[in-house]
Protein chains: 2
Amino acid sequence: MFFHIDTKSNAPLYEQIIQQVKEMCAKGLLTPDERLPSVRELSSHMVINPNTVSKAYQELERQGIIVTVRGRGTFISKKTDRTSDPGRLKAIRESLKEAVIENYYAGYSKKELIKLLEEVYEEMEGKTDEN
Amino acid sequence: MFFHIDTKSNAPLYEQIIQQVKEMCAKGLLTPDERLPSVRELSSHMVINPNTVSKAYQELERQGIIVTVRGRGTFISKKTDRTSDPGRLKAIRESLKEAVIENYYAGYSKKELIKLLEEVYEEMEGKTDEN
DNA sequence: TAGGTGTACTAATATCCTTAATACACTTTC
DNA sequence: GAAAGTGTATTAAGGATATTAGTACACCTA
C-alpha cells in the first residue's frame, strides 16, 4: 500500500504520488472510504519530507480524489460521475492528442493505435469486457 | 508560420514550442525539408529570448524532428518509420494510460473513449479514412 | 492524558526557466 | 573579400518551483 519513486523521472515527487494514487484508484486497488497512509507514515517510508506528502494529499483533495479528516486521516472519496465536467473531457482529449502525435512519429496505423488503447484500458480495468 | 504562447500553461516556453512543432508536423502543416523561422526571427516575433528558442530547436533535433545546418537554418526532417523504437511505443502507452485514468474519473465508457480517440485522430489527420 | 492525525509557518538549499549581452563559426549573396 | 544572415557557446543574473528542516498548532481517539 505504498508508492515508489522514479528518480529518473523529471516529475516532482508530489506529482508522482498524485499520479500513483489516481492510477491505483482507476485500477481498483484503492476503493472508496479506504484509508491512505498517514502523512508521517508515508513520508518516513518513502524517505521524503512530510511537507511533500502533504502537498500531494492537498492537491488530491482539491481534485476531489480524496477526503481528509482532521485527527483521523485521509480517505478515498466516493466516485461520482463527472461526465458533465468539461475540464475532465479536455484533459482526456489532451492526453489522447499527445498519444496521436507520438503515434505519428512511431509510424503506427490508426487501427494499431486503437488496439493499443484497448490494451492499456484492459490492463487498467483488469479485463472486464463490458461495452 | 509562427507559434503562440499560453501564459496560463505551466509548461515552459521551450516545451510549448516543441509541442507545437510536433503537432504541426503530425497535422501536415509542416512538411519535410520545410524551413522553420530562424532563432532570432522567432524569438523577436514571440518576444522571448533567443536562447529559449535555441533550446527548443536543440531538443527537437535531439528527437530527430528537425535538422539544423550552420549558416543556413533549421529544417523539418524526413519522416522515418520508427515502429521498432521502444521509446516511442512507451511514450504512446504512457499518454494513453493518462487518458484512461482521466476517463475513469470522467465516467465515460470504453466505447466512448475509443470514439474520442478516433475524433482526435481525425482532427489531426484531416479525416483521411484509411485503416 | 497520550499519541496519532492533518495543517501552518518560516527558513534554507537546489534546480530549472528565462533573460541579457557578447562572441564565434558557418553559409549565402553581392 | 565584405556584409548579412544562419545556429551555437559562454557567463551572469533574476525569478519560480521543489524539497528539506524544524517547530508549533488544532483536532480526534483510546
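Nothing here was measured: the structure is a model prediction, and the numbers come from that model. Each chain gets a letter, A, B and so on, in the order the sequences are listed, and its residues count up from 1. What you see below is based on every heavy atom in this structure, not just the backbone, and it leaves out hydrogens, waters and symmetry mates.
Distance A/I66 CD1 to C/dT5 C1': 13 Å, rounded to the nearest Å.
Counting non-hydrogen atoms of other residues, nucleotides and ligands closer than 6.0 Å to NZ of B/K79 gives a total above 12. Heavy-atom neighbours of A/K90 NZ from other residues, nucleotides or ligands within 6.0 Å: at or below the threshold of 12.
Think of the region where chain B sits on DNA chain D: with heavy atoms and a 4.0 Å cut, that region ends 5' and 3' at D/dG5 to D/dT10.
Residues meeting the salt bridge (Lys or Arg N to Asp or Glu O under 4.0 Å) test with B/E98, sequence neighbours left out: none.
Inter-residue side-chain proximity for B/S54 and B/Y14 is flagged as unmet; no heavy-atom pair is nearer than 4.5 Å. Side chains of B/L60 and B/T74 form no contact here, defined as non-hydrogen atoms less than 4.5 Å apart. Looking at A/E15 and A/Q19, their side chains never come closer than 4.5 Å, going by heavy atoms from C-beta outward. B/P37 has its side chain out of reach of B/H45: every pair of non-hydrogen atoms, C-beta onward, lies at least 4.5 Å apart.
Residue contacts shown for A/N10 are absent, as no nucleic acid heavy atom lies under 4.0 Å away.
Using a cut-off of 4.0 Å between Lys/Arg side-chain N and Asp/Glu carboxylate O, B/K22 and A/E102 are scored as salt-bridged. The pair A/E123-B/R93 meets the salt-bridge criterion, since a charged nitrogen lies less than 4.0 angstrom from a carboxylate oxygen. One finds no salt bridge joining A/E125 and A/K27 here, because no Lys/Arg side-chain nitrogen approaches an Asp/Glu carboxylate oxygen to under 4.0 Å.
The strand DNA chain D forms stems, runs of 3 or more Watson-Crick or G-U wobble pairs with distances below 3.5 Å, at C:1-16 with D:15-30, C:18-30 with D:1-13.
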Contacts under 3.5 Å, N or O only, protein and nucleotides 15-17 of chain C:
{"from": "C/dC17", "atom 1": "OP1", "to": "B/Y14", "atom 2": "OH", "distance (Å)": "3.0"}
{"from": "C/dC17", "atom 1": "OP2", "to": "B/K55", "atom 2": "NZ", "distance (Å)": "3.0"}

Using a cut-off of under 3.5 Å, enumerate the N/O to N/O pairs linking the protein to nucleotides 23-27 of chain C.
{"from": "C/dA25", "atom 1": "O4'", "to": "B/R70", "atom 2": "NH1", "distance (Å)": "3.2"}

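Under the 3.5 Å distance criterion, the side-chain polar atoms of B/N103 are left unmatched by any main-chain donor or acceptor of B/L113.
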Problem - Derivation of the side chain to side chain contact (heavy atoms under 4.5 Å, CB included) call for A/T31 and A/E34 - result: CA-CA 6 Å; A/T31 53; A/E34 190 168 345; 3.1 Å; yes
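For residues 62-76 of chain A, the set of pairs meeting the salt bridge (charged side-chain N to carboxylate O under 4.0 Å, His left out) definition, not counting sequence neighbours, comprises A/E59-A/R62.
The phosphate of C/dT5 has OP1 or OP2 within less than 4.0 Å of a side-chain N or O from A/S38.
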